[in-house]
Peer 1: 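Structure in structure tokens, see below.
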Amino acid sequence: MRRTATRRHYLMVRPTYFDVEYSINPWMDPRKPTFTEVAVAQWEWLRDLYLDLGHRVEQLEPRPGLPDMVFAANGATVVNGQVLVARFRHTYRCPESAAYLRWFRENGYHDVRQAQWINEGEGDYLVAGSRILAGSGFRTNAVSHTETQEFFGVPVVGLTLVDPCYYHLDTALAVLDDDTVMYYPRAFCADSRRLLEELYPDAITASDGDAAAFGLNAVSDGQHVVLPQAATGLIAQLREHGFEPIGVDLSELLKAGGSVKCATLELRAGSARSAG
Ligand code: ARG
């Protein structure tokens, strides 16, 4: 099957102050050394790759004292030019919301609001065609799913995460195009797994190893799928399905429990169905 790319618009935050200073997910071990210059070099590689693929990339200034700020996906959800800014679960990350509110207001977005309930942005909300898939279980409060559905006027499908290693939806599932996803079944409760099988009978499913390599933390433009290079099984499966996988090395960000998708917030100007 031939796949087609659409031009995307992303917001990213350079990992200038990246570090693992606390632990709010099982991947974070503050005793392990981190190398900020390496994180920056790997991140620049990802940003340049997006530019080479023809996408637009905006940058929000990082703030000292916010070591997880590189994970831009958590800052907001943007659909149809409407912006629902995150309300973080952990106090360490709470000050990030103000930076996003300000950036969107200063950059021509008119309908900008901070979520009332705990809502970690595109970490847990993934736009898939005319619906939004929404995670809960570890970070985003399931009550926020209704708020999100009402704010955007797009149906939200709730999915429950059960494995603490896959604490955000974007660590367990990636949207490849409007009708195609890949996911790690074991990250979901039995009911959510059944729902995913029903909605996406042709989905790509990930092995334990590929999920642990953060292979599902991927960004797709409909044709190119950017994902951690260690997810070799998924890379082969994506190729079989007609996508063009592009493996990248974000080993430093992995120490904080994040990778490609976590570092990328999509700015959608058009309807939920268009690329924006
Ligand atoms: N250390 C960050 C946290 O635990 C990683 C966030 C990863 N972001 C994501 N969209 N999954 O909050």
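Atoms within each ligand, like the ligands themselves, are counted from 1 in listed order.
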Peer 1: Would you compute the distance between atom CD1 of Ile118 and atom OG of Ser136 and round it to the nearest 0.5 angstrom?
Peer 2: 12.0 Å
Peer 1: Cation-pi check for Phe243 against Arg3: NZ or CZ below 6.0 Å from the six-membered ring centre and within 45 degrees of the axis, yes or no?
Peer 2: yes
Peer 1: Between Arg93 and ligand 1, which part of the residue brings a heavy atom under 4.0 Å of the ligand: side chain, backbone, both or neither?
Peer 2: side chain
Peer 1: Compute whether any side-chain donor of one residue and acceptor of the other, for Thr264 and Tyr50, lie under 3.5 angstrom apart.
Peer 2: yes
Peer 1: Answer yes when Arg8 and Glu266 have at least one side-chain N-carboxylate O distance shorter than 4.0 Å, and no when they do not.
Peer 2: yes
Peer 1: With a cut-off of 4.0 Å, which atoms of ligand 1 are near a heavy atom of Thr171?
Peer 2: 11 (N)
Peer 1: Just go through Arg139, Met28, His90 and tell me whose heavy atom is the nearest to atom 4 (O) of ligand 1.
Peer 2: Arg139
Peer 1: In terms of the angle between their ring planes, are Phe214 and Tyr166 parallel, tilted or perpendicular, with boundaries placed at 30° and 60°?
Peer 2: tilted
Peer 1: Starting from atom 9 (C) of ligand 1, what is the nearest protein heavy atom, named by residue and atom, and what distance separates them?
Peer 2: Cys262 SG, 2.7 Å
Peer 1: Among protein heavy atoms, which sits nearest to atom 1 (N) of ligand 1, and what does the distance come to when rounded to 0.1 Å?
Peer 2: Ala256 O, 2.8 Å
Peer 1: Does the pair Phe104 and Tyr109 meet the rule for a ring pair (Phe, Tyr, Trp, His ring centres under 6.0 Å), with working shown?
Peer 2: CA-CA 5 Å; Phe104 282 104; Tyr109 290 81; 5.1 Å; yes
Peer 1: Are any of the N/O atoms on Asn74, whether in the backbone or the side chain, positioned under 3.5 angstrom from an N/O atom of ligand 1?
Peer 2: yes
Peer 1: Gly257 heavy atoms, cut-off 4.0 Å: which ligand 1 atoms fall inside?
Peer 2: 5 (C), 7 (C)
Peer 1: Would Asp68 count as being in polar contact with ligand 1, using the rule that some N or O on each side must be under 3.5 angstrom apart?
Peer 2: yes
Peer 1: Roughly how far, to the nearest 0.5 Å, is CD of Gln82 from CG of Asn80?
Peer 2: 6.0 Å
Peer 1: What protein heavy atom sits nearest atom 10 (N) of ligand 1, and how far away is it?
Peer 2: Asp170 OD2, 2.7 Å
Peer 1: Does the residue Tyr167 have a heavy-atom contact with ligand 1, meaning some pair of atoms that are separated by less than 4.0 Å?
Peer 2: yes
Peer 1: Are Tyr125 and His145 close enough that their ring centres sit under 6.0 Å apart?
Peer 2: yes
Peer 1: Quick check: does His168 get an N/O under 3.5 Å from an N/O on ligand 1?
Peer 2: yes
